[in-house]
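Have a look at the structure below before the remarks.
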Amino acid sequence: MTTRVIIVDDQAMVRAGFAALLAAQSDFEVVGDAPDGVQGVELSRRTHPDVVLMDVRMPEMDGLEAARRLLDPPPGVLHRPKVLMLTTFDVDDYVYEALRAGASGFLLKDAPPGDLISAVRVVAAGEALLAPSVTRRLIADFARRRPAPRKGRDALRLKGLTPRETEVLELIARGLSNQEIAEALIVAEQTVKTHVSRVLAKLALRDRAQAVIFAYESGLVSPGER
């Protein structure tokens with residue numbers, strides 16, 4: 001199955017480089033590119049890509065607002081692509097907001113080519129790109145700056161989880177992969193995948209990225225805990 005991709009970045013050389021790299025893979029089809037968020041949203045609505053590579057800082061409309069529009073479309077617009085944010089360390093706050101909006105993760109723009117290819121495949125498969133250790137530091141830092149945890153409705157949603165599912169959610173929030181969770185709990189990786197799927201379904205979350213945000217904002221996990 002071919003994954004359709006568009007690239008939204010204000011640097012022409014970045015767009016051309018990423019397009020050439022992805023187009024060289026047999027399972028990718030680059031169906032377009034755009035220099036800003038406004039044109040990126042229009043292109044996505046027209047071409048219906050599976051994955052959008054979205055830069056954070058762009059003219060006209062930044063990547064955060066463009067991601068919001070793609071992931072929370074107006075009535076009548078059914079297509080919602082996966083969004084992978086492209087960023088640098090100096091725009092970390094935007095990345096957090098993008099994850100809250102429903103983006104499937106982020107990738108540093110200077111990452112090796114192999115990481116980009118792997119990232120698009122991971123996101124296209126419905127997973128969130130949250131394994132790198134840098135993500136763990138960023139999420140904890142963002143959560144540290146957020147308001148006090150929300151109670152009430154979030155607490156009720158958490159009560160719907162079994163003790164093991166709650167444990168799995170905590171480990172997801174700390175940035176562990178399925179394999180690492182399996183090792184920590186001494187269970188099969190397939191069992192972890194089943195737990196993750198149930199957690200997402202019960203909490204009505206799209207992917208692991210939203211699970212991380214929920215875990216911090218509900219107070220289940222506190223920044224700095226290990």
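Computed from heavy atoms alone, side chains included, the values below leave out hydrogens, waters and symmetry copies. Values in this document were obtained by computation on a predicted structure and should not be read as measured data.
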_As a quick check of understanding, evaluate side-chain contact (heavy atoms from CB on, under 4.5 Å) for Val192 and Gln179, giving each step before the final call._
CA-CA 8 Å; Val192 173; Gln179 181 178 349; over 6 Å; no
*Could you go step by step and tell me if Asp50 and Thr3 meet the side-chain contact (heavy atoms from CB on, under 4.5 Å) rule?*
CA-CA 6 Å; Asp50 300 300; Thr3 298; 3.9 Å; yes
*asked:* Using the rule given for side-chain contact (heavy atoms from CB on, under 4.5 Å), can you reason through Leu171 versus Glu180, listing the C-alpha separation, both sets of side-chain angles and the distance that settles it, and then say yes or no?
replied: CA-CA 9 Å; Leu171 295 176; Glu180 290 169 333; over 6 Å; no
*Worked check of side-chain contact (heavy atoms from CB on, under 4.5 Å) between Leu108 and Asp115*: CA-CA 9 Å; Leu108 297 178; Asp115 286 2; over 6 Å; no
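Of the inter-residue distances, the one linking Glu42 atom CD with Asp36 atom CG reads 8.5 Å to the nearest 0.5 angstrom. One finds the CG atom of Leu107 at 5.5 Å from the CG atom of Leu84 (value rounded to the nearest 0.5 Å). In this structure, CD in Gln11 is found 9.0 Å from CZ in Phe18, a value given to the nearest 0.5 Å. Note that CG of Leu64 and CE of Met58 are 10.0 Å apart. Values are rounded to the nearest 0.5 Å. Expressed to the nearest 0.5 Å, how far CD of Glu170 lies from CG of Leu220 amounts to 4.5 Å. The CZ atom of Arg164 sits 9.0 Å away from atom OG1 of Thr191, with the distance rounded to the nearest 0.5 Å.
Here Arg198 pairs with nothing under the salt bridge (charged side-chain N to carboxylate O under 4.0 Å, His left out) rule; sequence neighbours left out. Residues that satisfy the salt bridge (charged side-chain N to carboxylate O under 4.0 Å, His left out) test with Asp33, not counting sequence neighbours, are Arg15. In terms of the side-chain contact (heavy atoms from CB on, under 4.5 Å) criterion, residue partners of His48 (sequence neighbours excluded) are, by chain and number, His79.
Using modelled atom types, no side-chain atom of Ser44 and backbone atom of Gly40 make a donor-acceptor pair closer than 3.5 Å. Ser118 places no side-chain N or O within 3.5 Å of a backbone atom of Gly114 that could act as its donor or acceptor partner. Using modelled atom types, no side-chain atom of Asp62 and backbone atom of Arg57 make a donor-acceptor pair closer than 3.5 Å. Although no hydrogens or angles enter the test, the distance criterion places a donor-acceptor pair under 3.5 Å between the side chain of Thr166 and the main chain of Thr162. A donor-acceptor pair is defined here as one N or O able to donate and one able to accept, closer than 3.5 Å; no such pair exists between the side chain of Arg157 and the backbone of Lys202.
Between Val77 and Pro73, the closest heavy-atom pair is O-CG, 3.5 Å. Nearest heavy atoms, Met54 versus Ala66: CE-CB, 3.6 Å. Here the closest heavy-atom approach between residue Ala211 and residue Leu205 is recorded as CA-CD1, 3.6 Å. Nearest heavy atoms, Asn178 versus Lys193: ND2-CG, 3.5 Å. Scanning all heavy atoms of the two residues, the minimum distance from Ile117 to Phe28 falls at O-CZ, 3.7 Å. Residues Ala67 and Met85 share a closest heavy-atom pair of CB-SD, 4.2 Å.
At least one side-chain heavy atom of Leu158 sits less than 4.5 Å from a side-chain heavy atom of Phe214. Asp10 places a side-chain heavy atom less than 4.5 Å from the side chain of Pro59. Counting only heavy atoms from C-beta outward, the side chains of Val5 and Val31 never approach each other to under 4.5 Å. Taking 4.5 Å as the limit, some side-chain heavy atom of Leu203 sits within range of a side-chain heavy atom of Leu169. Side-chain atoms of Asp9 and Lys109, non-hydrogen and from C-beta on, do get closer than 4.5 Å to each other. Here the side chains of Val56 and Leu86 are not in contact, with every heavy-atom distance at 4.5 Å or above. When side chains are defined from C-beta on, Leu71 counts as touching Val83, because their heavy atoms get closer than 4.5 Å. Between Glu167 and His195, the closest side-chain pair of non-hydrogen atoms is not below 4.5 Å.
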